[in-house]
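All chains are named by letter (A, B, ...) in the order of the sequence lines, taking the proteins before the strands, and each is independently numbered beginning at 1.
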Amino acid sequence: MKTLRSVKGMHDVLPRSMPAWHAVEEGYRELVERFGYQEIRTPLLEPIELFVRGIGDSTDIVEKEMYAFEDKGGDHLALRPEGTASAIRAYLQHGFQVESPQCKWYYLGPMFRRERPAKGRYRQFYQAGAELIGVAAPAADAEIIDMAVQFIESLGIGPVRVLLNSLGGEQTRPLYRKALVEHYSKHEQKLCEDCSRRLERNPLRILDCKVEGCRALSVDAPSVHDYLGEDDREHFDEVRRLLDKGGTPHQVEPTMVRGLDYYTRTIFEVQAESSALGAQTSVLGGGRYDNLVKQLGGRATPSIGFSFGIERLIMVMPESTHKEQVPLVFVAGVGKQSLDRALDIARTLRRQGRRVEVAHTGASLRSQLKKADKLGAAFAVIAGEEEAKRGGATLRNMTDGQQIEVRVDELSARLEELR
RNA sequence: GUGAGAGUAGUUCAAUGGUAGAGCCCCGGCUUGUGGUGCCGGUUGUUGCGGGUUCAAAUCCCGUCUCUCACCCCA
């Protein structure tokens, strides 16, 4: 029979890599909860309309990367490609807008994009993020960015670069858009195929194009910063001031735009200087989305958030930040009669909260110790017939090979001393 | 979606048209009482799949699938 494989671009995360995953997941929860963020879990499936309206129908994500299908009842559904749209949907659906318009939420879970897989890019990947909903003040931007950077650094990843830009808000965008269209229209025949399409639908994205001809045209393209309205300018300057004050180094990247349409004003990206990511450089990205709530049918609610890919983070994370496991105690019996005693000792130690492995068969002591070694046990408890006569067991330190005989009822106390 | 490379044991790889192999891993043993180094032994394969050429194909040809990398975009 043909052996089955996981779907293209979708991977098993095997037990051996869990120390890294847990370090990221638990480290993240711990940190954002310290900032007052609470977890929200939303469904993996949403009405496709949510992403079309939220992320934007001219984005690559919606245009060509969605896992969208019609279910048996004829509903048009999609596997979520990112987390923000769902969070805002939940925000509106459960009346937070009325009840408690300011929300600090975080999430963690699988996202789906049907792209060609490459290093650091998968069709099912795990993303975590945070959303600060309903706060317009620059201090919100600074908090989110600071939190993101603190988190990345807490994993021992460094040095990192924080790239910052402003796309402007409602007073800026129409003017800037017009200026861009004017600029690029003069050289329309030199634009690549994608960009001539973008000229109509999303001229901002041309700035981000990597094609030689388009890049040349972008060199003397108008800069957002010359078009920022007064409020947008002030907001951006204040965010920068707060970051400086908080000691978060950043660099302004005037041509940076992001691939999701909902961003307004502040956008940012954290890059790790590591070759482990292949062509990918960004480990975390985010920005302000002041129009999204309104676009999804709510009142205008300024908000900001970020998200990061767990797989990518793990690729650049040093092994030293992997979550440490509690010491393992292996209980070995010697001889058939001792198996019962070994099981008894194991049961007791487990009830006392220790991590314990025990042999299930009365194999030779040698092979049991081999197993203990393979499992990475810190200690072995040898329950042999000799010791049994004295109500004891041998406690062996697997690191240095030293061993002592102790009474069974003293085992736990001795283990405590030794750790 | 476009381009490139690669598919042989769990894994890393050898075998260039003539009997599919090695290291590592795994399992067992080396007086049923001592792991890590050592020694002995053992398991593991429709050579990704399908077709073609040939007396003979892992090897040459065609197709297909998968993986990897890059472009695009993003996490």
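- For the P atom pair drawn from B/rU12 and B/rG51, the interatomic distance equals 28 Å after rounding to whole Å.
- For the contact set between residues 36-45 of chain A and RNA chain B, defined by any heavy atom under 4.0 Å, there are no members.
- Within residues 16-30 of chain A, no residue has any heavy atom closer than 4.0 Å to RNA chain B.
- Look at CD on A/Gln368: it is 11 Å from P on B/rG29, rounded to the nearest Å.
- Between A/Phe308 and A/Phe151, the ring-plane angle classifies as tilted under the 30° and 60° cut-offs.
- Atom CD of A/Glu70 sits in a crowded spot, with more than 12 heavy atoms from other residues, nucleotides or ligands closer than 6.0 Å.
- Side-chain atoms of A/Phe236 and A/Pro138, non-hydrogen and from C-beta on, never get closer than 4.5 Å to each other.
- Note on A/Arg205: only backbone sugar-phosphate atoms sit closer than 4.0 angstrom, heavy atoms only; bases stay farther off.
- A salt bridge links A/Arg34 with A/Glu30: the distance from a Lys NZ or Arg NE/NH1/NH2 to an Asp or Glu carboxylate oxygen falls below 4.0 Å.
- In this structure, the separation between OH on A/Tyr28 and CD1 on A/Ile310 is 9.0 Å, given to the nearest 0.5 Å.
- Across B/rG5 and B/rC61, the matching P atoms stand 13 Å from one another, rounded to whole Å.
- Put simply, CE on A/Met66 and CZ on A/Phe112 are 13.5 Å apart, with the number rounded to the nearest 0.5 Å.
- A/Thr394 comes within contact range of at least one nucleobase, with a heavy-atom separation under 4.0 Å.
- For A/Glu311 and A/Arg121, the salt-bridge test fails: no basic side-chain N is under 4.0 Å from an acidic carboxylate O.
- For the pair A/Asp60 CG and B/rC73 C1', the computed distance is 5 Å after rounding to whole Å.
- The side chain of A/Leu365 lies closest to B/rG33, out of B/rG33, B/rC69, B/rA75.
- For the pair A/Phe125 and B/rA75, the ring geometry qualifies as stacking, because the centroid separation is below 5.5 Å while the planes lie within an angle under 30°.
- The residue A/Glu387 sits close to a base: some heavy atom pair falls under 4.0 Å.
- Between A/His225 and A/Asn165, the side chains place a donor N or O and an acceptor N or O closer than 3.5 Å (distance only, hydrogens not considered).
- Taking atom CG on A/Leu375 and atom C1' on B/rC26, their separation rounds to 14 Å, with Å as the unit.
- For A/Arg312 and A/Arg396, each mapped to the nucleotide of RNA chain B holding its nearest heavy atom, the one lying further toward the 5' end belongs to A/Arg396.
- When the C1' atom is used for both B/rA4 and B/rU47, the distance is 24 Å, rounded to whole Å.
- Among the protein residues, A/Tyr126 comes within range of no part of the nucleic acid, since none of its heavy atoms lies under 4.0 Å from any strand.
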Polar-atom pairs under 3.5 Å, protein N or O versus N or O of nucleotides 38-44 of chain B: list them with distances, or write none.
residue	atom	partner	partner atom	Å
B/rG38	O6	A/Arg366	NH2	3.1

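- Using a cutoff of 4.0 Å between basic side-chain nitrogens and carboxylate oxygens, A/Arg123 and A/Glu115 are not scored as salt-bridged.
- Counting any heavy atom pair closer than 4.0 Å across all strands shown, A/Glu386 reaches a base atom.
- One can place CZ of A/Arg121 at 13 Å from C1' of B/rU68, the figure rounded to the nearest angstrom.
- In this structure, of B/rA75, B/rU68, B/rG35, it is B/rA75 that holds the atom nearest to the side chain of A/Ser307.
- Here the CZ-CG distance, from A/Arg53 to A/Asp261, works out to 14.5 Å after rounding to the nearest 0.5 Å.
- Atom C1' of B/rA58 sits at a distance of 14 Å from the matching atom of B/rA9, rounded to the whole Å.
- Nearest nucleotide to the A/Asp373 side chain, out of B/rA75, B/rC26, B/rG35: B/rG35.
- In this entry the distance linking NZ of A/Lys119 with P of B/rC71 reads 13 Å, nearest Å.
- Between the CZ atom of A/Arg80 and the CG atom of A/Leu44 there is a distance of 4.5 Å, given to the nearest 0.5 Å.
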*When Watson-Crick pairs (N1 to N3 and N6-O4 or O6-N4) and G-U wobble pairs (N1-O2 and O6-N3) count only below 3.5 Å on both distances, what is the dot-bracket string of RNA chain B, with | for other-strand pairs?*
(((((((..((((....[..)))).(((((.......))))).....(((((..]....))))))))))))....
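- For the P atoms, the distance linking B/rU31 with B/rC69 amounts to 49 Å, nearest Å.
- Residue contacts for A/Thr399: at a heavy-atom cut-off of 4.0 Å it reaches a base atom on one of the strands shown.
- Annotation: B/rA56 and B/rU16 have their C1' atoms spaced 15 Å apart (nearest Å).
- For the pair A/Val283 and A/Met10, both in contact range of RNA chain B, the more 5′-proximal nearest nucleotide belongs to A/Met10.
- Salt bridge status for A/Asp373 with A/Lys370: absent, with no side-chain N to carboxylate O gap under 4.0 Å.
- A donor-acceptor contact under 3.5 angstrom links the side chains of A/Thr266 and A/Asp141, judged on distance only.
- Sequence neighbours left out, not one pair with a member in residues 396-417 of chain A passes ring-ring contact (aromatic ring centres under 6.0 Å, His included).
- Of the residues in residues 104-116 of chain A, those placing a heavy atom less than 4.0 Å from an atom of RNA chain B are A/Arg113, A/Glu115, A/Arg116, in numerical order.
- Using the six-membered ring where Trp is involved, A/Phe96 and A/Tyr91 have ring planes that are parallel, under 30° apart on the 30 and 60° scheme.
- When heavy atoms are screened at a 4.0 angstrom cut-off, A/Gly120 is found touching base atoms of the nucleic acid.
- The side chain of A/Lys64 places no N or O atom within less than 4.0 Å of a non-bridging phosphate oxygen (OP1 or OP2) of B/rG1.
- Taking atom CG of A/Leu207 as the reference point, atom P of B/rC73 lies 12 Å away to the nearest angstrom.
- Rounded to the nearest Å, the gap between the P atom of B/rG35 and that of B/rG42 is 23 Å.
- A/Lys323 and A/Glu25 are not joined by a salt bridge, as no carboxylate oxygen comes within less than 4.0 angstrom of a charged side-chain nitrogen.
- Closest to the A/Ala118 side chain, of the nucleotides B/rG29, B/rA70, B/rC26, is B/rA70.
- Taking atom CG of residue A/Leu328 and atom P of nucleotide B/rG36, one finds them 17 Å apart after rounding to whole Å.
- Contact annotation for A/Ile310: no contact, since no heavy-atom pair falls under 4.0 Å across all strands.
- Under 3.5 Å, the side chains of A/Thr394 and A/Glu387 contain a donor-acceptor pair of N or O atoms.
- The pair A/Arg350-A/Glu357 fails the salt-bridge criterion, with no side-chain N (NZ, NE, NH1 or NH2) lying under 4.0 Å from an Asp/Glu carboxylate O.
- Residue A/Lys371 is out of contact with every strand shown, counting any heavy-atom pair closer than 4.0 Å.
- The distance between atom CG of A/Leu14 and atom P of B/rG10, rounded to the nearest whole Å, is 15 Å.
- When the C1' atom is compared between B/rG50 and B/rU11, the two are found 27 Å apart, to the nearest whole Å.
- Looking at heavy-atom distances under 4.0 Å, A/Lys8 makes contact with sugar-phosphate atoms alone, never a base.
- A/Arg396 and A/Gln402 share no side-chain donor-acceptor pair at under 3.5 Å.
- Between the side chains of A/Tyr37 and A/Glu131, no donor-acceptor pair is found at a separation under 3.5 Å.
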